[in-house]
Amino acid sequence: MNEKYHLETLAVRAGTERSQFGEHSDALHLTSSFIFKSAAQAAERFANREPGHIYSRFSNPTVSAFEERLAILEGAECCVATSSGMAAILSCAMGLLKSGDHIVCSAQVFGATVQLFGGILKRFGIETTFVAGSSPAAWQKAIQPATRLLFLETPSNPTMEIFDIAAISQIAKKAGALLVVDNAFCTPILQRPIDLGADIVIHSATKFLDGQGRVLGGAVLGKRSVVYENVFSFLRTAGPTLSAFNAWVILKGLETLRVRVEAQSASALELARWLEKHPNVERVYYPGLASHPQFALAKKQQKGAGAIVSFDVKGGKDAAWRVVDGTKLLSITANLGDTRSTITHPASTTHGRISQEARNTAGIGDGLLRVAVGLENIEDIKTDLARGLA
Ligand SMILES: Cc1ncc(COP(=O)(O)O)c(C=O)c1O
């Protein structure tokens, strides 16, 4: 299937390869390994002289269907599926970097990404400079001769800052480095980083791609020469592979991605406008509001503002926790991108294990809450939040 179809058509149909039974829905190939007709065929497959599956740590038809569909949606040459979003970031780093290399990373990324780069990779001789804010000048300043990777999320988690992908990709190119964009918040429905100049796209498929809070998954996408040669080589040996079952669940999620993302984003905009007028809300972080400092950039770079709304509650942590504990409908949980709306207090959960200094740099105050808007009626969501905000 090629790109002559619209995105929503591709999300439903791309990558499907039917077996001899002609099943309509994608088949779930639950098998650890694949059999060969002969010793000679086994040898040919292992030597890479004959295409075909060998062992599900390397590849599996259901996983391949997911990879092909997501690659087409992101406009990428190649996709490698991983067992989680963090496995995607780890595989990207392990496949592309070596001791002595340097990463420039946004200070406003998911807490585990900060720990992976600043803690674990540091032990293996890979240094990371964390950049506060999205100003391209600050990113330029952080570049070193050994810089190989620039990493960002846009919108960032949880403060919804927007990064100019085209401008930062130019900085990466000039430095001979690769720009990696975590596209979990937007999905290809709202933003295609490769079209804007990014080299690699990361997904936590756990979020909107599954979209129903069922399974973990991830993906690394980009040029075949980078993603297949380097990232896949690491993955097939080290093993953070996506399971066939999870790939099948996420394939089903992709089929409804556009309608979910559009409906959830429309509700998020309504929620953001309502919160902005609430007397007990200090500030709302949502790129679809004209008051957002990068409203114009978000409009240029994204097709919609997304389904995540963050806001500062007046009164700090106690007041924020009152809002969380006042909910009866919203799920108090760290996940996002689900059809069920979720509420999170980042400072004590998703970003609780990074230092206070890192939280300050990322702008994550004690009164900050993040709501990932689901598919419930927006009036019910407002009523749920109004209780604790009163
Ligand atoms: C933006 C972003 N990237 C990556 C991850 C990690 O994904 P996973 O939990 O699938 O490992 C998360 C998880 O919350 C996230 O929000």
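Note that ligands are numbered from 1 as they come in the structure, with each ligand's atoms numbered from 1 the same way. The shown structure was predicted, so the numbers you read here are calculated from the model rather than taken from an experiment.
- In the vicinity of K207, heavy-atom distances shorter than 4.0 Å reach the ligand 1 atoms 7 (O), 9 (O), 12 (C), 13 (C), 14 (O), 16 (O).
- Within a 6.0 Å sphere centred on CZ of R45, heavy atoms belonging to other residues, nucleotides or ligands number more than 12.
- The environment of K223 atom NZ is sparse: at most 12 non-hydrogen atoms of other residues, nucleotides or ligands sit within 6.0 angstrom.
- The protein heavy atom nearest to atom 5 (C) of ligand 1 is F110 CD2, 3.5 Å.
- The option from T154, D182, I202, V109 that lies nearest to atom 2 (C) of ligand 1, judged by heavy atoms, is D182.
- Donor-acceptor pairing under 3.5 Å is recorded for the side chains of S341 and E376.
- For ligand 1, one of its N or O atoms has an N or O atom of N157 under 3.5 Å away.
- Taking the side chain as every heavy atom from C-beta outward, F36 and I54 approach each other to under 4.5 Å.
- Taking distance alone, with nitrogen or oxygen atoms compared against 3.5 Å, G85 approaches ligand 1 more closely than that limit.
- When each atom of ligand 1 is checked for a heavy atom of S204 under 4.0 Å away, the hits are 4 (C), 5 (C), 7 (O), 8 (P), 10 (O).
- The neighbour count for Y55 OH, taken as heavy atoms of other residues, nucleotides or ligands under 6.0 Å away, does not exceed 12.
- Residue T206 approaches ligand 1 through these ligand atoms, each under 4.0 Å from one of its heavy atoms: 8 (P), 10 (O).
- Side-chain contact of T187 with K207: a donor-acceptor pair under 3.5 Å is absent, judged by distance alone.
- When M86, E153, R370 are checked for heavy-atom proximity to atom 11 (O) of ligand 1, M86 turns out nearest.
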